[in-house]
Visitor: 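Just dropping this structure here.
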Number of protein chains: 2
Amino acid sequence: MSPNKENYLKTIFELQHDHQKISNKNIADILNVSAPSVTEMLTALTKEGLVFHTPYNEISLTDAGLVRARELVRKHRIWEVFLADRLHYAMADVHQAADILEHATDDKLADRLNEFLGRPKRCPHGGIIPGNSDIEDDSDITLATLVPDDSATLQRVIDNHEFLTYFEDLQLRLGDRLTVMKKEPFGGPFIVQTGDRVTVSISEAAAGFMFMTDVHYHHPETDGAEKGANG
Amino acid sequence: MSPNKENYLKTIFELQHDHQKISNKNIADILNVSAPSVTEMLTALTKEGLVFHTPYNEISLTDAGLVRARELVRKHRIWEVFLADRLHYAMADVHQAADILEHATDDKLADRLNEFLGRPKRCPHGGIIPGNSDIEDDSDITLATLVPDDSATLQRVIDNHEFLTYFEDLQLRLGDRLTVMKKEPFGGPFIVQTGDRVTVSISEAAAGFMFMTDVHYHHPETDGAEKGANG
DNA sequence: GATGTTTTTTCGGGTCACCTAATACACGCG
DNA sequence: CGCGTGTATTAGGTGACCCGAAAAAACATC
């Protein structure tokens with residue numbers, strides 16, 4: 001399997017995982033290739049039984065394609081741990097390097113590296129490492145969906161260079177317990193407070209890239225003081 | 001620069017380094033490609049100013065090509081140290097993995113990895129790591145050139161899977177002080193003794209792959225039993 | 001120095017992954 | 001419902017890297 005084809009599989013996998021529309025255009029944009037290139041490759045991958053593609057309609061991974069994509073994500077995230085923990089890469093920089101290394105990694109190397117790192121359960125962005133964790137999937141509740149007085153734990157952020165550069169300035173850590181203090185109107189920022197009472201302002205766009213777990217929703221009927229929440 | 005072209009440069013570099021004939025055929029054999037492919041690539045590399053090639057005649061690296069090749073060898077050997085020291089790869093197996101990783105390694109990654117490993121001076125086969133060592137070049141005196149009563153230190157071995165598999169069985173270590181006890185006739189094996197008096201039999205072919213330093217030549221005319229030296 | 005062998009190059013052709021331009025289709029909107 | 005806008009596919013073509021067959025040059029050997 002060529003690095004090229006692997007990237008198509010991984011892209012489809014990640015679009016699926018992030019609940020985004022799996023379209024020719026999305027794939028083309030992410031991989032920086034033209035739409036015809038995508039069509040052509042999808043045809044090839046369909047012929048190999050890795051992708052299911054009906055013209056003008058569905059694009060999805062077959063079971064075999066899913067297995068391959070998961071292996072790639074595993075290798076990618078193991079490398080990310082190495083780069084961040086051992087080589088002290090900035091969180092925003094690990095993705096790019098791992099994207100190249102993952103294709104130069106056979107199963108033996110991935111396993112040895114995994115052992116060397118102590119079988120980490122999550123990558124530096126909080127995503128699970130397939131094979132190392134008993135849980136199957138990441139949370140898909142973003143900070144952007146919370147309202148004032150809700151609290152939740154920051155588990156994972158999107159692996160995107162521009163966002164991560166901004167995120168590093170926020171001085172938040174994965175695992176921080178966050179409470180939403182206020183939400184400014186008209187797409188204004190979220191004001192959140194961390195466990196140690198630090199107040200941080202987060203843009204709505206950024207909040208949509210931050211995935212939360214252990215969400216504790218505020219229930220207005222049990223408490224008259226403040227408003228609004230849901231399940 | 002594509003991984004492919006890099007491999008041509010590295011191959012020419014290594015042939016030169018090992019004092020072997022730099023011919024179309026040798027390159028083709030090492031890279032497992034056909035002779036026409038080599039000619040074609042040499043033409044392309046010549047156009048890029050990395051290689052000097054005159055038809056039916058000379059093949060050599062330009063200064064620019066030499067710089068590129070040395071960088072590649074540096075990355076290759078840094079990875080070899082990581083694989084052997086940290087991931088416990090067998091000596092015979094590091095080469096193949098490093099051959100792929102080196103092309104997925106930019107300068108930043110190479111530098112960080114180098115720091116992480118403590119700026120090692122030599123790779124697991126004893127070759128110097130360009131940039132980390134003040135000495136420029138490896139010894140090019142092989143065990144095969146020695147005669148009985150000569151002694152020398154095993155510094156480096158050829159990075160070849162088949163040889164290394166054999167070499168690992170010999171139980172020798174880089175840095176061992178070896179004394180040639182006997183050389184069987186008709187290309188027969190060398191009988192050598194290590195510092196701790198272990199006797200080992202080494203085929204002539206294998207001896208040609210073992211590079212020695214601090215050679216202490218036996219001089220029969222100055223002393224009947226055993227003596228002599230050389231720089 | 002003619003002759004056979006090996007090495008190198010030229011030639012034509014193949015594959016992979018990409019492109020642009022043009023065509024086909026889907027989908028929302030008046 | 002038809003029509004424009006955007007999206008997807010087909011058609012045709014490019015560059016990188018590879019091949020086998022055949023011609024050309026170099027080399028060995030007598």
Side-chain angles (χ1 to χ4, degrees), chain A residues 1-16 18-62 65 68-69 72 99-100 102-104, chain B residues 1-16 18-61 64-65 68-69 72 99-100 102-104:
Chain A
M1 160 96 35
S2 75
N4 248 313
K5 289 186 175 173
E6 291 180 335
N7 278 332
Y8 280 87
L9 290 183
K10 200 180 62 162
T11 301
I12 297 169
F13 180 83
E14 285 172 350
L15 284 174
Q16 196 170 45
D18 294 350
H19 304 280
Q20 294 176 59
K21 197 177 73 176
I22 305 175
S23 67
N24 185 310
K25 188 177 191 316
N26 273 345
I27 298 169
D29 287 348
I30 290 168
L31 293 178
N32 273 307
V33 296
S34 68
S37 299
V38 174
T39 302
E40 188 182 57
M41 188 60 86
L42 290 178
T43 305
L45 290 170
T46 295
K47 210 175 299 173
E48 290 179 51
L50 298 168
V51 159
F52 183 71
H53 176 222
T54 57
Y56 296 104
N57 190 14
E58 188 189 353
I59 301 169
S60 60
L61 293 175
T62 64
R68 298 289 195 103
L72 254 195
D99 246 354
I100 300 170
E102 67 190 19
H103 302 294
Chain B
M1 160 97 36
S2 75
N4 247 312
K5 288 186 175 174
E6 291 180 334
N7 278 332
Y8 280 87
L9 290 184
K10 199 180 62 162
T11 301
I12 296 169
F13 179 83
E14 284 172 351
L15 285 174
Q16 196 170 43
D18 294 350
H19 304 279
Q20 293 176 58
K21 198 178 72 175
I22 306 175
S23 67
N24 184 312
K25 188 176 192 318
N26 272 345
I27 297 170
D29 287 348
I30 290 168
L31 294 179
N32 272 307
V33 296
S34 68
S37 299
V38 175
T39 301
E40 188 182 56
M41 188 60 86
L42 291 177
T43 305
L45 289 169
T46 294
K47 211 176 300 174
E48 291 180 49
L50 298 167
V51 159
F52 183 70
H53 176 221
T54 57
Y56 294 104
N57 190 13
E58 188 188 354
I59 301 169
S60 59
L61 294 175
R68 298 288 195 106
L72 255 195
D99 246 355
I100 300 169
E102 67 190 17
H103 301 294

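By convention in this document, chain letters (A, B, ...) are assigned in the order of the sequence lines, proteins followed by strands, and residues within each chain are numbered from 1. Just so you know, these numbers come straight off a predicted model, no measurement behind them.
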Visitor: Any side-chain heavy atom of A:K5 sitting closer than 4.5 Å to one from A:L50?
Guide: no
Visitor: When the C1' atoms of the five terminal pairs at each end define the local axes, what inter-axis angle does the helix from C:dG1-D:dC30 to C:dG30-D:dC1 show, to 10 degrees?
Guide: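 Comparing the first five pairs with the last five, the axes sit 0° apart.
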Visitor: Can you find a side chain N or O atom of A:S2 that sits less than 4.0 Å from OP1 or OP2 on C:dA17?
Guide: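 For A:S2, the contact criterion (side-chain N or O under 4.0 Å from OP1 or OP2 of C:dA17) is met.
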Visitor: Rounded to whole Å, how long is the line connecting atom CG of B:N4 with atom C1' of C:dT15?
Guide: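 Between C1' of C:dT15 and CG of B:N4: 14 Å.
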Visitor: With side-chain contact (heavy atoms from CB on, under 4.5 Å) as the test, would you mind laying out the steps for B:V38 and B:L31 before giving the verdict?
Guide: CA-CA 9 Å; B:V38 175; B:L31 294 179; 5.9 Å; no
Visitor: Measure the distance from NZ on B:K5 to P on D:dG15 and round it to the nearest whole Å.
Guide: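 The distance from NZ of B:K5 to P of D:dG15 comes to 13 Å, rounded to the nearest Å.
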Visitor: Applying side chain to side chain donor-acceptor pair (under 3.5 Å), name anything that partners A:H103, two or more places apart in sequence or on another chain.
Guide: A:E6, A:N7
Visitor: Nearest to the side chain of B:S34 - C:dC18, C:dT20, D:dG20?
Guide: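 Per side-chain heavy atoms of B:S34, the pick is D:dG20.
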Visitor: Among C:dA17, D:dC17, C:dT9, which nucleotide sits nearest the side chain of B:A35?
Guide: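 For the B:A35 side chain, the nearest candidate turns out to be C:dT9.
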Visitor: Given atom CD of B:E40 and atom C1' of C:dT7, what is their separation to the nearest angstrom?
Guide: 18 Å
Visitor: Rounded to whole angstrom units, what separation is found between the CG atom of B:N57 and the P atom of D:dA26?
Guide: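 The answer, rounded to whole Å, is 8 Å.
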Visitor: Can you measure from NE2 (B:H53) to CG (B:N24) and round to the nearest 0.5 angstrom?
Guide: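 Going from the NE2 atom of B:H53 to the CG atom of B:N24 covers 7.0 Å.
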Visitor: Please compare B:Y56 and A:I59 by the position of their nearest nucleotide in DNA chain D and report the one closer to 5'.
Guide: A:I59
Visitor: If only side-chain N and O atoms of A:Y8 are considered, is one of them under 4.0 Å from the OP1 or OP2 phosphate oxygen of C:dC16?
Guide: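 No, no such contact exists.
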Visitor: Just to be sure I understand the rule, does A:N7 reach a base, reach only the sugar-phosphate, or reach nothing, if contact means heavy atoms closer than 4.0 Å?
Guide: nothing
Visitor: Hey, does B:P36 reach any base, or is it just sugar-phosphate, or nothing, if we go heavy atoms under 4.0 Å?
Guide: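 Here B:P36 touches the bases of the nucleic acid.
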Visitor: Could you tell me the separation between the CD atom of A:E6 and the C1' atom of C:dA17, rounded to a whole number of Å?
Guide: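 Spelled out: CD on A:E6 to C1' on C:dA17 is 15 Å.
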Visitor: What's the closest nucleotide to the side chain of B:V33 if the choices are C:dT10, D:dC19, C:dC18?
Guide: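 The listed nucleotide nearest to B:V33's side chain is D:dC19.
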Visitor: Measure the distance from CG on B:N32 to P on D:dG20 and round it to the nearest whole Å.
Guide: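 In whole Å, D:dG20 P and B:N32 CG are 12 Å from each other.
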Visitor: Does C:dC18 have its OP1 or OP2 closer than 4.0 Å to a side-chain nitrogen or oxygen of A:S37?
Guide: no
Visitor: Please check: side-chain N/O of A:N26 versus main-chain N/O of A:K21, any donor-acceptor pairing under 3.5 Å?
Guide: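 Checked: pair present.
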Visitor: So, does A:H53 get its side chain near the phosphate of D:dA8, meaning an N or O under 4.0 Å from OP1 or OP2?
Guide: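 False: A:H53 side-chain N/O out of range (4.0 Å or more) of D:dA8 OP1/OP2.
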Visitor: Does any residue of residues 19-29 of chain A have a heavy atom under 4.0 Å from DNA chain D, and if so, which ones, in number order?
Guide: A:S23, A:N24, A:K25
Visitor: Which value, rounded to the nearest 0.5 Å, describes the distance between A:I30 atom CD1 and A:Q20 atom CD?
Guide: 6.5 Å
Visitor: Within the structure provided, determine whether A:K10 and A:D99 are in side-chain contact (heavy-atom separation under 4.5 Å).
Guide: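 Sidechains of A:D99 and A:K10: in contact.
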Visitor: As an exercise, state the distance from CG of A:N57 to OG of A:S23, rounded to the nearest 0.5 Å.
Guide: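 Taking CG in A:N57 and OG in A:S23, the distance rounds to 12.5 Å.
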Visitor: So if I apply the side-chain contact (heavy atoms from CB on, under 4.5 Å) rule between B:I59 and each of B:L45, B:L15, B:I27, B:T46, which one comes out positive?
Guide: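 That would be B:I27.
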Visitor: D:dC17 C1' sits how many Å from B:L45 CG, rounded?
Guide: 12 Å
Visitor: Separation of B:L9 atom CG from D:dC17 atom C1', in whole Å?
Guide: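 Rounding to the nearest Å, CG of B:L9 and C1' of D:dC17 are 15 Å apart.
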Visitor: Checking A:L61 against A:V51 for the side-chain contact (heavy atoms from CB on, under 4.5 Å) test, could you report, in this order, the C-alpha distance in whole Å, the side-chain angles of both residues, the deciding distance, and whether it holds?
Guide: CA-CA 4 Å; A:L61 293 175; A:V51 159; 4.1 Å; yes
